[in-house]
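For reference, the structure is listed below as structure tokens.
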Amino acid sequence: MSDVRQWVKTLRELVTYSLEKYGLPLPVDPGVCRRWREGLPRGERVLYTSCMYQLAPLVKRAVDLLEKSRAAEGGAAAWLASAGAKYLARFLLKPSRDEEERASAILKNIYRLLERSGVEVGVLEEEPYSGALLYELGFEEEFARHAGEVYRRLKAAGVREVVTVDPHTHYVLSVVYPKYVDGFDLGVVNYLELVKVSRVKISNFVIHDSCLYSRHLDMYHRLREILAPGRPVEDPYVTGRETSGCCGGPVEAVLPSLAKRVALDRLAKLTRLSDKIVVACPICLVNLGGLDLAEVVE
Amino acid sequence: MSWGEAIERARLAIVPRTYQILSRFSYLADLAREVRRAREEVVKNLDFYLGQVERAVGDLGGRFYLAQDGEEAAEVVAKVVGSGRLVVLSKNNVAVETGLRRRLAEWGNEVWETDLGEFLIQLSGEEPSHLLAPAVHMTRERAAEVVREKLNIAVEPDAAYIARRVGEFLRGKIIKADVGITGANAIAADTGAVVLVENEGNIRLVSSLPRVHIVYDGVEKLMPNLTYAFTAAVVQSAYAGLYPPTYINLSAGPSSTADVEMVRVTPAQGPREFHMVLVDNGRRAAARDPELWEALLCVRCGRCHMHCPIYLTAGPKFGVPPYTGPMGVMWTAITRGVEAAGPHAMSCTHAGNCRLVCPMSIDIPKVIRAVKRRYITEPK
């Protein structure tokens, strides 16, 4: 663990460099984030994705790449000293075609679901990244600066309310921004609070709750209300609000092997209940991925 | 058997039982809130309560010591004990924190842990993996093997059998012991009375049979008075999933009697000496820290461990023993500093289960976030 601090500093370099160059926390072509919303109208109330669905698979890829190059260049300490972030930043990461299509389909589904629920919502021409990763890695100063800039850009675009689509963005905007951004006055609502659902396509699935939705944002019951028609399988010691586990995603960038073990432990518990797992978070989707996982809107 | 299998067995035993207790005895949640208020009062005025308990212990005919760090604390006890003595300990996380057992052994004493779990840890030379169940990582087969190998006592791989045979061995030691060292679940600052919760029955023996009783714990165990101290012990046992506990003990000074002319004299049949050693070791600084202070409210029930996805996967490597798990990351920061706790804080996913199940409603993820921030932003 002695290299953890150095590793996190390397990540900080990568994230701040990428934010500066691409407006995203990883070196990714911002076009990837835009494609799904081409042709959709603007508005004062906007669907705000923070590009999380497109970025989530790339965190893992960035870490894999960092790890591989570190191993290739002969030892952690030597490699870390040689500015690994700049090395990585030479690459432009891209989600695979399948990943991008899936992310687009999820976001379009959310948009359509809101429309069908009678919720008018627009999109942004340019959507800034929320800064959630900076906050989660513990770089609060950088986060505060970035959050202030995001707020200024949203205001300049005439936004009054944002509709978030993932727990990480919703948490930072609704809970953290007001503490770090003076005069923060945007409305923040999550799509799960707005949609009306009468039918669920699958049944006898198990819900893997997002830690943020269920325990930090008090949305554990809301997700169950939405999914009730599909009769999810519950076990008080696997899917309870206080007893369910994490997917490991939040430490994926810092301690990938631990993240993997946490994910495997979680999967072992979930698959005892059902082989159909429903998630409501892009990071859970990636970290528990590989089995029969479905996003809640799929 | 792997850590994962061992801890899952334990989780499925203790978690449902704790929920049943809390649901059946609904007053416990109210008591927990009262204890939180009382503990907040103590943490915010720690030096005042330390002064109070020092006077109270003196009034009881005991000796009080405030040790700045672990080394000083172990030194104080080593001087009280001397050398060539038989010393018995009840399970005591502060003793592990400060290396007390090793120190006493270095002074030429025979030292035995009397809590079954801690005894297994002592025999095996391993590190404790949980605050209350230090040998939770050991299966019954491994426990039997340890007893067989280290004590040359044949035991079956059966929990009850192991408990009985180890109990017989330890009882022989406790009866002959010169000094008994216990911790404290709570200490009433106004009277110096110490409240101790247990199930095995070893603590009442350790605290009453030897002629010297030493209470050795952290300064944060103070409560304003005996009612609160007792309530804290009740709450601790309930949220640990063992309620009612088999025993709650109270020790207030050396043994005494007032049977002749109603004049209270010491000693009587129990210990003739009573010493209280309270350890600071970062606690008073934490009490003044705007972010770490809340960790001092912890009643050591160990409930957060069994709900934490990182502890359940990483085991005792999450935190530094004896302080493992979510509370352990906070307490590693208090007792060993941010430099030691930081790498563990980086493992936290902020899942938030710990905050929901904590009887003191400590915002553990928030405290760990502060440790994380300091670790990565403050110079080494």
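Chain A is the first sequence line, chain B the second, and so forth, proteins listed ahead of strands; every chain is numbered from 1.
Residue contact with chain B, scored on non-hydrogen atoms closer than 4.5 Å, is absent for A/L212. Looking at A/V251, both its backbone and its side chain come within 4.5 Å of chain B, counting heavy atoms on both sides. The contact between A/Y135 and chain B is made by backbone and side chain atoms together, counting heavy-atom distances below 4.5 Å.
In this structure, B/R373 forms no cation-pi arrangement with A/F139, as its terminal cationic atom is not both closer than 6.0 Å to the ring centre and no more than 45° off the ring axis. Judged by a 6.0 Å distance limit and a 45° cone about the ring axis, A/R5 is positioned over the six-membered ring of B/Y375.
Put simply, of B/G352, B/A314, B/A351, the one with the most heavy-atom pairs under 4.5 Å next to chain A is B/A351. Ranked by non-hydrogen atom pairs under 4.5 Å with chain A, the options B/G342, B/P16, B/A345, B/P309 are led by B/P16. Between chain B and the residues A/L264, A/V254, A/T243, the largest count of heavy-atom pairs under 4.5 Å involves A/T243.
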For side-chain contact (heavy atoms from CB on, under 4.5 Å), just list the numbers for A/W7 and B/M346, CA-CA rounded to whole Å, side-chain angles, deciding distance to a tenth of an Å, and then say yes or no. CA-CA 11 Å; A/W7 175 256; B/M346 295 309 296; over 6 Å; no
Decide yes or no on side-chain contact (heavy atoms from CB on, under 4.5 Å) for B/N353 and A/R215, but give the supporting numbers first. CA-CA 7 Å; B/N353 307 61; A/R215 288 179 286 274; 3.1 Å; yes
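The side-chain heavy atoms of B/H350 and A/E136, taken from C-beta on, include no pair separated by under 4.5 Å. A 4.5 Å side-chain heavy-atom check between B/T349 and A/V262 finds every atom pair outside the cut-off. No side-chain heavy atom of A/E140 sits less than 4.5 Å from a side-chain heavy atom of B/K372.
Annotation: A/R241, atom CZ; neighbour count of heavy atoms from other residues, nucleotides and ligands within 6.0 Å is above 12. Residue A/K260 places its NZ atom among 12 or fewer non-hydrogen atoms of other residues, nucleotides or ligands, all under 6.0 Å distant. Shown here is B/E71, whose CD atom has no more than 12 heavy atoms of other residues, nucleotides or ligands within 6.0 Å. No more than 12 heavy atoms of other residues, nucleotides or ligands shown are found within 6.0 angstrom of CD on A/E141. Remark: A/D182 CG is loosely packed, at most 12 non-hydrogen atoms of other residues, nucleotides or ligands lying under 6.0 Å away.
Heavy-atom minimum distance, A/D265 versus B/L312: OD2-O, 4.3 Å. Listed here is the closest heavy atom pair of A/G138 and B/T377: O-CG2, 4.4 Å.
By the 4.0 Å N-to-carboxylate-O rule, A/R272 lies close enough to B/E8 to be salt-bridged with it.
One distance of note links SG of B/C348 with CG of A/L255; it measures 11.5 Å at 0.5 Å rounding.
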